[in-house]
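For reference, the structure is listed below as structure tokens.
Owing to the predicted nature of the structure, the values given are computational and were not obtained by experimental measurement. Throughout, protein chains are lettered first and strands after them, A, B, ... in sequence-line order, and every chain is numbered starting at 1.
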Amino acid sequence: MTTWLFNPFTYIAGLKSLVIGWIIILATACIAYYSHTHFDGAIDAHLQLSNKVYPAWHYVAEPFIDWSCLVLVFFIMGKVFSASAIRFIDIAGTFAFARWPFAFLALINFLGPHIKDLTRISPLDLLLIFISLGFCIWMIALMYNAFKVSANIRGQKSVWLFIISLIAAEVISKIILYYTLH
Amino acid sequence: MKQLKKSLPHVCPSCQSPLKVTSLSCDACETVVSGSFELPLLARLSGEELQFVLDFVKSSGSLKVMAQQLGLSYPTVRNLLDDLIQKIETNERILKPDK
């Protein structure tokens with residue numbers, strides 16, 4: 001059960017996980033449209049507090065741009081640092097599948113939290129923030145295992161490469177999202 | 001009584017050096033051959049690793065077929081194979097340090 005929750009890539013990778021992952025990303029985008037959740041970075045998820053109306057395609061484009069940046073960075077890192085013959089489809093598939101905790105996060109945003117003043121945080125807001133944080137950590141753990149399995153990099157090397165790649169993907173996705181959607 | 005499954009030891013329990021075969025015997029006529037023989041590289045693998053090699057050969061070296069048969073993903077099977085290659089290469093270096 002733990003393997004299925006944190007490392008399903010032992011059993012699923014490649015095209016199968018890519019198709020499942022894309023369905024998850026699309027479903028998440030649909031939920032995000034109604035709960036006004038923006039995935040404005042590779043590992044970012046924010047609740048829209050302004051009344052500005054964004055077109056539906058924004059909500060679809062955001063997670064796909066995030067995923068593309070992650071795949072690009074991690075594939076390059078894998079190609080450079082892995083001794084194994086890694087496949088692009090494995091990185092693409094596992095990283096798409098790894099985004100499924102964000103579907104729950106988009107769902108949670110139907111309940112709020114609606115924090116506008118840091119001195120007025122309700123217990124429900126606090127609880128929702130912690131649950132959201134849990135889903136973010138879960139997704140990062142899934143992405144780490146996706147990288148480990150797809151690129152066959154282990155130990156300290158995998159941890160450092162993962163952190164560097166994640167930061168690089170976050171920065172690149174932020175830049176691309178800024179210039180394409182804003 | 002429960003049958004005890006014995007596994008072939010590869011390293012010396014005292015100093016961890018690779019073991020050699022010094023005696024072979026025939027069950028039928030009880031002839032015993034003595035000497036000093038190297039264990040083949042494949043015989044130095046564990047039961048699970050040897051099974052992996054057999055499955056690999058039986059599936060004509062197709063990792064996709066193996067992944068389907070084992071119920072694992074393609075990269076997981078490829079990683080297992082890479083681990084095995086690394087172990088064989090390490091064993092080769094230990095057995096032939098001059099090369």
Does any heavy atom of chain B fall under 4.5 Å from the side chain of A/N152, the backbone, both, or neither of them? both
Less than 4.5 Å to any heavy atom of chain B: does that hold for the side chain of A/Y11, its backbone, both, or neither? both
What I'd like to find out is whether the side chain of A/F95 reaches to under 4.5 Å of the side chain of A/I91, using heavy atoms alone. yes
Among A/L142, A/T2, A/V149, A/T94, which one satisfies side-chain contact (heavy atoms from CB on, under 4.5 Å) with A/N7? A/V149
If you measure only the distance, is there a donor-acceptor pair under 3.5 Å linking the side chains of A/H46 and A/D40? yes
How about CD on B/E38, more than 12 heavy atoms from neighbouring residues, nucleotides or ligands closer than 6.0 Å, or not? yes
Structural part of A/R154 lying under 4.5 Å from a heavy atom of chain B: side chain
